[in-house]
Amino acid sequence: MNWKSFLIGVSVGMVGGYAAKQIISQKTKVSPEKVLEHVKEQFKQNGPINGSWIHMKVEPYEQHQVQYQVYKGGISKNNDGNNEQYEFIADALTGTILDIRKLSENLVS
């Protein structure tokens with residue numbers, strides 16, 4: 001075997017490996033733990049949080065006529081003695097936060 005054939009084989013193998021990695025990474029979901037950690041970091045910028053949770057199962061979600069696979073979760077934090085709860089929706093493929101909603105307070109009489 002000569003060097004030219006060897007180098008061509010190595011080059012083709014490297015290009016094929018890189019292409020396979022790119023295809024696999026596009027189809028791989030971010031772990032729910034990483035998504036929750038990202039959301040918590042964002043909320044901690046405005047003060048400490050009390051608790052958090054995330055649903056481990058990916059769910060379909062549509063926003064502005066675009067389909068996503070998402071994780072849903074929640075954050076609770078204390079703001080001036082009031083417990084505030086938020087629900088979030090994050091893209092399962094990128095971890096990007098798509099929506100955050102403050103849950104309404106249940107008034108107990």
Side-chain angles (χ1 to χ4, degrees):
M1 180 191 315
N2 63 25
W3 283 103
K4 186 176 180 181
S5 297
F6 176 74
L7 291 175
I8 290 173
V10 168
S11 299
V12 169
M14 289 176 63
V15 169
Y18 179 77
K21 178 190 172 290
Q22 293 299 319
I23 291 169
I24 290 170
S25 68
Q26 290 176 356
K27 302 288 183 186
T28 304
K29 295 177 182 81
V30 177
S31 75
E33 293 87 0
K34 285 188 179 186
V35 171
L36 183 58
E37 209 43 53
H38 172 69
V39 173
K40 287 168 57 175
E41 287 174 13
Q42 297 300 313
F43 269 86
K44 285 180 182 177
Q45 292 178 4
N46 295 321
I49 61 172
N50 295 346
S52 62
W53 62 272
I54 191 164
H55 189 50
M56 303 296 271
K57 184 178 177 186
V58 175
E59 300 178 28
Y61 178 75
E62 182 178 327
Q63 184 178 47
H64 307 294
Q65 299 180 347
V66 177
Q67 300 292 323
Y68 295 95
Q69 294 294 308
V70 300
Y71 294 115
K72 293 182 179 180
I75 298 284
S76 62
K77 60 186 298 179
N78 193 323
N79 189 14
D80 295 329
N82 297 320
N83 192 32
E84 296 179 343
Q85 296 185 351
Y86 298 87
E87 179 183 56
F88 67 85
I89 298 172
D91 186 354
L93 294 176
T94 64
T96 303
I97 301 169
L98 299 175
D99 195 10
I100 297 175
R101 298 178 196 155
K102 183 176 180 181
L103 300 178
S104 62
E105 298 177 24
N106 294 331
L107 300 175
V108 178
S109 50

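What's counted below: heavy atoms across the whole structure, side chains too, no hydrogens, waters or symmetry copies. Keep in mind it's a predicted model, so treat the numbers as computed, not measured.
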Tyr86-Ile97 co-clustered via ILVMFWY side chain contacts under 4.5 Å: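 Yes, it is one cluster - the side chains of Tyr86 and Ile97 are joined through contacts under 4.5 Å.
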Shared hydrophobic cluster, Val70 / Met56 (ILVMFWY, side-chain heavy atoms < 4.5 Å):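 No.
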Short side-chain donor-acceptor distance under 3.5 Å, Glu59 and Tyr61: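 Checked: Tyr61/Glu59 side chains show no N/O donor-acceptor pair below 3.5 Å.
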Measuring from atom [atom1] of [X] to atom [atom2] of [Y], what distance do you get when rounded to the nearest 0.5 angstrom?
X     : Y     : atom1 : atom2 : result
His38 : Thr96 : NE2   : OG1   : 6.5 Å
Gln65 : Gln67 : CD    : CD    : 9.5 Å
Lys72 : Ile54 : NZ    : CD1   : 12.0 Å
Asn78 : Glu84 : CG    : CD    : 8.5 Å
Thr94 : Gln69 : OG1   : CD    : 12.0 Å

For the student: nearest non-hydrogen atoms of Asn83 and Lys77, plus distance: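 It is OD1-O, 3.3 Å.
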Minimum heavy-atom distance Val30-Gly95, with the two atoms named: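 Looking at all heavy atoms of both residues, the closest pair is CG2-N, 3.9 Å.
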Pair Phe88 and Phe43, ring centroids less than 6.0 Å apart: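 When the ring centroids of Phe88 and Phe43 are compared, they turn out to be at least 6.0 Å apart.
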Side chain to side chain contact (heavy atoms under 4.5 Å, CB included), paired with Tyr68, selected from Ile89, Val58, Asp91: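 That would be Asp91; it is the only one of Ile89, Val58, Asp91 passing the side chain to side chain contact (heavy atoms under 4.5 Å, CB included) with Tyr68.
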Among His55, Lys57, Lys34, Lys29, side chain to side chain contact (heavy atoms under 4.5 Å, CB included) partner for Tyr71: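 Of the listed options, the one satisfying the test is Lys29.
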Ser76 (side chain) donor-acceptor with Asn50 (main chain) under 3.5 angstrom: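 Side chain of Ser76 to backbone of Asn50: no pair is present.
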